[in-house]
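Sequence positions, counted from 1, serve as the residue numbers for this chain. Note that these values count all heavy atoms, side chains included, but never hydrogens, waters or copies made by symmetry.
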Amino acid sequence: MREVLDELDRRYRDGEPVALGTVVSTFRSAPRGPGASMLVAPDGTVTGSVSGGCVEGAVYELAQDVIGDGTPVLQRYGVSDDDAFSVGLTCGGIIDVFVERIDAASFPAFGALVDSVRAGEPVAVATVTEHPDTATLGRRVVVWPDRADGALGSDRMNEAVTDDARGLLDVGRSGTLHYGPDGQRRGEGMSVFVNVFQPPPRMLVFGAIDFAAAMAKLGSFLGYRVTVCDARGVFATAARFPAADEVIVDWPHRYLAAEAEAGRVDGRTVVAVLTHDPKFDVPLLEVALRMDLAYVGAMGSRRTHDDRLARLREAGVGETDLARLSSPIGLDLGARTPEETAVSIAAEIIALRWGGGGERLARTEGPIHGHEGAPPAQHG
């Protein structure tokens, strides 16, 4: 929902009902993941996407019906056949899309949800997408770490779903949960999609150089909250890094340690060390490599890398921690310019996040977007 949130909020405040289609499950080589959304307004305006173009036309038609009668629908879209006019996913995947009507009557807690998302406060929306009682379909509860707003149908349902939604909120992952019709943990009949909204992950770029400016721009494009940090105030200025969310003048290792102590660094955080100056990068890497971070990369030649490893070993950094260091930083793309180098670094971050090998797809086999998986029973 995040990608359509601004438009949805505008329509909601204007009292205009809209239909929201959300990917709630994916199987095999699906083009977009759970949580991808598409908004359809009564005037025909479309915002967002659920499949990158494969089934948007069919979802659009379904959304028009949902706006009219208010009845939510869970629809599966699978592989298209040889008929060019058939609706399906040419990529070979399968997606389940839940289409629901959103307005003030059906979603009174929407304003509080929007406020939390914009404030960077963790929040999740748990929506019933399957249930034998059609009156329960579309019921939802908004869940924060310390409170909840909404009702699904019974105390048992509310307690089970709220507790499990907080579990997904803790790990920052959206997904579908399955229960018995009254929230029984062992049973089937009710499915609940939990759409998790965590604050954007952080990208910490150390070294106020031209490569950092390109990295900040690309990191922002990828959805990170970007910080550029350097101890040299003459270089670390907001004017030189307009794409960064913040520019900090401080010793890198001191800043990172303080951010971790304040709880502003987590397992999604990526660190790019672009200083290639031992007095900056060795103390910084000594701190970073002992943290649970998503990525730690350092720029420099292979000679610089070998010298850096020797210094880190002298500082007491163990081999297990050193093995987590991506150095020299980035994938081998033949990059030359700061912008190309930023693409190389971003490509390595993406590959490590999703388990990609960095190979040319033309020379590989198997699914492109993910791992093969068997879909559950068909939905009507």
Side-chain angles (χ1 to χ4, degrees), residues 1-6 8-9 20-39 47-52 59 72 74-77 93-100 102 107 109-110 112-114 116-131 137-145 148-150 152 157-158 160-179 183 185 190-202 222-225 266-268 294 350 353-355 369-371 373 375-376 379:
M1 192 190 300
R2 188 186 295 271
E3 63 186 330
V4 302
L5 193 65
D6 288 344
L8 180 54
D9 184 42
L20 182 69
T22 303
V23 177
V24 297
S25 296
T26 65
F27 314 98
R28 297 201 287 271
S29 186
R32 303 206 63 194
S37 299
M38 171 177 158
L39 182 151
T47 306
S49 170
V50 292
S51 72
V59 175
L74 180 65
Q75 181 64 51
R76 169 162 292 175
Y77 298 97
I94 298 173
I95 62 173
D96 288 341
V97 179
F98 186 70
V99 184
E100 58 187 322
I102 302 291
F107 200 165
F110 178 75
L113 167 69
V114 172
S116 291
V117 173
R118 289 176 175 165
E121 181 182 11
V123 63
V125 182
T127 305
V128 178
T129 59
E130 282 188 290
H131 199 278
L137 287 176
R139 290 185 179 177
R140 66 179 65 82
V141 58
V142 181
V143 180
W144 291 267
D149 189 341
L152 302 179
M157 294 165 66
N158 292 341
V161 172
T162 298
D163 184 56
D164 292 342
R166 288 197 174 114
L168 291 177
L169 192 58
D170 285 342
V171 298
R173 180 174 62 84
S174 300
T176 297
L177 305 173
H178 302 282
Y179 306 89
R185 296 187 182 278
M190 180 173 76
S191 296
V192 179
F193 178 66
V194 181
N195 203 350
V196 169
F197 300 90
Q198 284 275 27
R202 296 190 68 187
L222 293 176
Y224 287 93
R225 176 175 176 80
D266 59 28
R268 302 178 301 154
I350 294 169
R353 178 184 180 186
W354 298 109
H369 298 288
H371 301 289
H379 301 297

* Indicate the atoms forming the closest heavy-atom contact of Val141 with Leu152, along with that distance. => N-CD2, 3.9 Å
* To do: Please report the closest heavy-atom contact between Gly21 and Val50, naming both atoms and the distance.
  => O-CG1, 3.6 Å
* Find out whether Leu74 and Glu130 are in side-chain contact, i.e. whether some heavy atom of one side chain is under 4.5 Å from a heavy atom of the other. => yes
* **Cation-pi geometry met for Arg2 and Phe197 (6.0 Å, 45°)** => no
* Mind listing the closest non-hydrogen atom pair of Leu169 and Val143 along with its distance? => CD2-O, 4.0 Å
* Less than 4.5 Å apart, any side-chain heavy atom of Phe110 and any of Val125? -> no
* Asked: Any side-chain heavy-atom pair from Val192 and Asp164 closer than 4.5 angstrom?
  -> no
* To do: Mark yes or no for whether Thr176, through its side chain, and Phe193, through its backbone, hold a donor-acceptor pair below 3.5 Å.
  => no
* Asked: Which distance, rounded to the nearest 0.5 Å, do you find between the CZ of Arg76 and the CG of Asp96?
  -> 4.0 Å
* To do: Hey, could you give me the CE/CG distance between Met38 and Leu20, rounded to the nearest 0.5 Å?
  => 10.0 Å
* Asked: Nearest 0.5 Å, what's the CG-CG distance between Asp163 and Leu168?
  -> 10.5 Å
* To do: Over all heavy atoms of both residues, which pair between Pro200 and Gly223 is shortest? Give the atoms and the distance, please.
  => CB-O, 3.5 Å
* Ignoring hydrogens and angles, tell me if any N or O in the side chain of Arg166 forms a donor-acceptor pair with the backbone of Trp144 under 3.5 Å. => yes
* Taking the side chain as every heavy atom from C-beta outward, state whether Glu100 and Arg140 have any pair of such atoms under 4.5 Å apart. => yes
* Quick one: are Pro34 and Ser25 in side-chain contact, heavy atoms under 4.5 Å? -> no
* Chi angles and distances behind the side-chain contact (heavy atoms from CB on, under 4.5 Å) call for Arg173, Val196 -> CA-CA 6 Å; Arg173 180 174 62 84; Val196 169; 6.0 Å; no
* To do: Check for a donor-acceptor pair, side chain of Glu3 on one end and backbone N or O of Ala36 on the other, with a separation under 3.5 Å.
  => no
* **Close side-chain approach of Asn195 and Thr127, heavy atoms under 4.5 Å** => no
* If you take all heavy atoms of Val4 and Thr47, which pair is closest and at what distance? -> CG1-O, 3.4 Å
* Structure fact -> In short, Phe107 meets Leu113 closest at the heavy-atom pair CZ-CD2, 3.9 Å
* Can you tell me how far CD of Gln198 sits from CD of Glu121, rounded to the nearest 0.5 angstrom? -> 10.5 Å
* Ignoring hydrogens and geometry, is there a side-chain-to-backbone donor-acceptor pair from Ser37 to Gly35 under 3.5 Å? -> yes
* For the residue pair Met157 and Arg139, establish whether any side-chain heavy-atom pair is separated by less than 4.5 Å. => no
* Structure fact -> Separation between OG1 (Thr129) and CG (Leu137), nearest 0.5 Å, reads 8.0 Å
* Kindly indicate whether the side chain of Arg118, heavy atoms from C-beta on, has any atom under 4.5 Å from the side chain of Asp9. => yes
